[in-house]
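Order of the sequence lines fixes the chain letters, A, B, ..., with proteins taken first and strands second; residue numbering starts at 1 for each chain.
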Protein chains: 2
Amino acid sequence: MKPGDRKPTINDVARLAGVSIKTVSRVINKEPNVRDEVRERVLRATTQLGYRPNFSARSLAGQRSYLVGYLFGDAGGDYAHRVEVGILDRCRAAGYHLLVEQIDAAAPDVAERTAALVTQLRLDGVVLTPPITDHADVLRVLREAGVPYVRIAPDRHDDVSPFVEIDDEAAAYELTTHLIGLGHRRIGFIKGDPGHAAARLRYDGFCRALREHGLELQPAFIGQGDFSYASGLAAARGLLLGGQRPSAVFAGNDDMAAAAIAVAHEAGLRVPAELSVVGFDDAPIAGVVWPPLTTVRQPIAQMAETATELLLTRADPKRGGEAGETPPRHRLAYEICLRRSTAPPA
Amino acid sequence: MKPGDRKPTINDVARLAGVSIKTVSRVINKEPNVRDEVRERVLRATTQLGYRPNFSARSLAGQRSYLVGYLFGDAGGDYAHRVEVGILDRCRAAGYHLLVEQIDAAAPDVAERTAALVTQLRLDGVVLTPPITDHADVLRVLREAGVPYVRIAPDRHDDVSPFVEIDDEAAAYELTTHLIGLGHRRIGFIKGDPGHAAARLRYDGFCRALREHGLELQPAFIGQGDFSYASGLAAARGLLLGGQRPSAVFAGNDDMAAAAIAVAHEAGLRVPAELSVVGFDDAPIAGVVWPPLTTVRQPIAQMAETATELLLTRADPKRGGEAGETPPRHRLAYEICLRRSTAPPA
DNA sequence: CTGAAAGCGCTTACAG
DNA sequence: CTGAAAGCGCTTACAG
């Protein structure tokens, strides 16, 4: 197509193929009831003209915009990006495009902005990640607007929408049990942002492991963070620089675990000889600190792909599920990554 | 808006305000030539009905889609995400939305996919980052389609489009000079991905600093990486585990610098006492390794904001520049971040 | 299996 | 300063 050429429309294709625009539409949308011979003629005309259907026209006339939305909050950049790549993979395969929006969960106009987004752009579906995934106003707006949505790692399971998650509690339980198996008896924990369900679930799993192995929870060994590296630094100092200190620390995510390792370095504690540290997420930082972190790998991209798949299944009227159905709930497998930040206590 | 309610259209607003839809259109688009009294009446009707203009209809009828595209390649997740957040900030302020697409620069259908994207969605503008920012086919397609685009950190400066960058060469020169000022004479360098302009420019600045200070470039101290942590590991081993080793290493980015620190740890070299390490980017990893990295801070979000601003200025026919103008070129300030990974040689 | 007509919700170009 | 008409490029609902 040279500059200045008008973009070919469905009318041009119809004329060239000697059929009506409705027939072209049928071929483009892979609808039935077109003779093979006609279909091929239309396809040929399409190729010859370099025809590409206009999304605005499609969206205005029809039921679908071929647009998926991704609403993300202030979660880590790495997490948000991996989710995005996962969504993009599925969108590309299905001929959809991705519209992204950053939403400040604490802003007063969240609901208004969400409403504007879905009514103005007629999104066919929306993918939600923490903390937006549990934002009641956002969920209500989407429900009322009739826009299908899928939640990744939600806290509340009583919503009508499908969701994708891993079992944070079980993973934390398993990782804690690993520490106990190594011989650790004084184990500390750095909690994550209370606004994220995962923070609570991971702590729950930790507590259950201690309880089931007859170990006591020592309040002095429990620190409060918010998933950030800086908060991990502060919390780790509280746990490690006191008189009594734990022989192992479980941090609610890898950033805080990396901070705990840094504090250990500062304090002259050798990791893992004098202090074992574990994290959660298998973020990039996990493989890059010294020593590399024992952690739990979340299949983030796969969760996003699964979520998008669920969404497109519902968004497509032809593939769509019944309104009354139980929403599909997907729990994906996590993986414990044993690396060099853990060892038996001295 | 309760479920089941039909979304209000421009017709509903016109009827309620007692004017024609053209007048409503004028008010919505802030066009002149509407009496204040009428404008207020329309605005009131808009609010009362909760009217929000339909983007598909706007795009189909008019010149603009209110959609900006962001095409990114396989650059680091953190970089891509920070760019995205910067773009989103400006889009939000201007009433635009962001459509993202991941493009594999090496794929054979890059041009075709780009063409499909811009002709089907009528993007008002596109932001490009490395390595796509220098992809000749992509640039050609955008130019031919008449879609304005802005390039972030481009290699080739002979394109007609505006761009935003920092002076990588000068920054690398400055940082190298800092090492020399500390007393280092044997300084190694780990090169980044040759496909990225920044890799070459940073190396150029390094070489110029050595030359201007009468130091010799020692081939044994030059390693080849690709910006990844793993490549930095391999390159650093080559530099540090040989017989002669440098007293300082300049890595082409922070990931590779972090890898160099890890190799130093492995080899029992104290950083910075026995080895100084510097990186580039001020990525999250820079503040999180031990010791924290001396590096160059790129104002990534600000670059993205500037790029988006340039784009929206050109995309808007009312604000737009002339076709023959020299494209605006923006060079933003970088910042040298001195941290604890550098010290005078032993 | 195929097509003619209407319409989606706006903006454009023009008339007054 | 305001509006009536046409049209953007498709899909829907229906007729044959």
Side-chain angles (χ1 to χ4, degrees), chain A residues 6-42 45-46 49-67 95 116 118-122 124 315-318, chain B residues 6-42 45-46 49-67 95 116 118-122 124 315-318:
Chain A
R6 199 175 49 80
K7 287 179 200 159
T9 72
I10 196 172
N11 288 296
D12 301 319
V13 177
R15 202 173 308 119
L16 181 59
V19 298
S20 74
I21 62 168
K22 175 63 215 182
T23 296
V24 177
S25 175
R26 284 198 180 89
V27 173
I28 298 296
N29 292 298
K30 304 194 198 318
E31 288 173 28
N33 296 335
V34 180
R35 261 189 306 155
D36 281 354
E37 185 246 320
V38 174
R39 183 181 304 278
E40 278 187 30
R41 195 143 37 93
V42 171
T46 299
L49 294 173
Y51 168 70
R52 300 197 187 86
N54 177 312
F55 275 72
S56 297
R58 253 174 23 168
S59 170
L60 183 58
Q63 316 281 9
R64 296 154 75 186
S65 64
Y66 291 91
L67 244 37
V118 296
T119 70
Q120 296 197 309
L121 290 163
R122 289 172 136 284
D124 286 344
D316 185 338
K318 284 164 220 142
Chain B
R6 198 175 51 79
K7 288 179 199 159
T9 73
I10 197 171
N11 289 295
D12 302 318
V13 177
R15 202 172 308 120
L16 181 61
V19 297
S20 74
I21 62 168
K22 176 61 217 182
T23 296
V24 176
S25 175
R26 284 197 180 90
V27 173
I28 298 297
N29 292 299
K30 304 195 199 314
E31 289 173 29
N33 296 335
V34 180
R35 262 189 304 155
D36 281 354
E37 186 246 320
V38 173
R39 182 181 304 279
E40 278 187 29
R41 194 140 40 91
V42 170
T46 299
L49 294 173
Y51 169 70
R52 300 197 188 87
N54 177 313
F55 275 73
S56 297
R58 248 164 43 159
S59 169
L60 183 58
Q63 315 281 10
R64 296 153 76 187
S65 65
Y66 292 91
L67 244 37
V118 296
T119 70
Q120 297 197 309
L121 290 163
R122 290 172 137 284
D124 286 343
D316 185 336
K318 284 163 221 143

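Within residues 33-42 of chain A, the residues having any heavy atom under 4.0 Å from DNA chain C are, by residue number, Asn33(A), Val34(A), Arg35(A), Val38(A).
Nearest heavy-atom pair across Asp12(A) and Thr9(A) is OD2-N, 2.7 Å. Between Val42(A) and Val13(A), the closest heavy-atom pair is O-CG1, 4.1 Å. What you find for Pro8(A) and Leu49(A) is that their closest heavy atoms are CG-O, 3.3 Å. Contact detail for Ser59(A) and Ser56(B): the closest heavy-atom pair is OG-OG, 2.7 Å. Taking each heavy atom of Asp124(B) and Gln63(B) in turn, the nearest pair found is OD1-O, 4.1 Å.
Summarising the base pairing, dA13(C) is matched to no nucleotide, lacking a Watson-Crick or G-U wobble pair whose two defining distances lie under 3.5 Å. For dA4(D), there is no paired base (Watson-Crick or G-U wobble, both distances below 3.5 Å).
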_Each nucleotide in nucleotides 4-10 of chain D should get exactly one letter: B, S or -. Can you fill that in based on protein heavy atoms under 4.0 Å?_
B--BBBB
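Between the Arg41(A) side chain and the Ala17(A) main chain, a donor and an acceptor come within less than 3.5 Å of each other. Under a 3.5 Å cut-off, the side chain of Asn29(B) and the backbone N or O of Glu31(B) do not form any donor-acceptor pair.
Counting heavy atoms from C-beta outward, Arg26(A) and Val38(A) have side chains that stay 4.5 Å or more apart.
A close approach under 4.0 Å does not occur between any side-chain nitrogen or oxygen of Thr23(A) and OP1 or OP2 of dT2(C).
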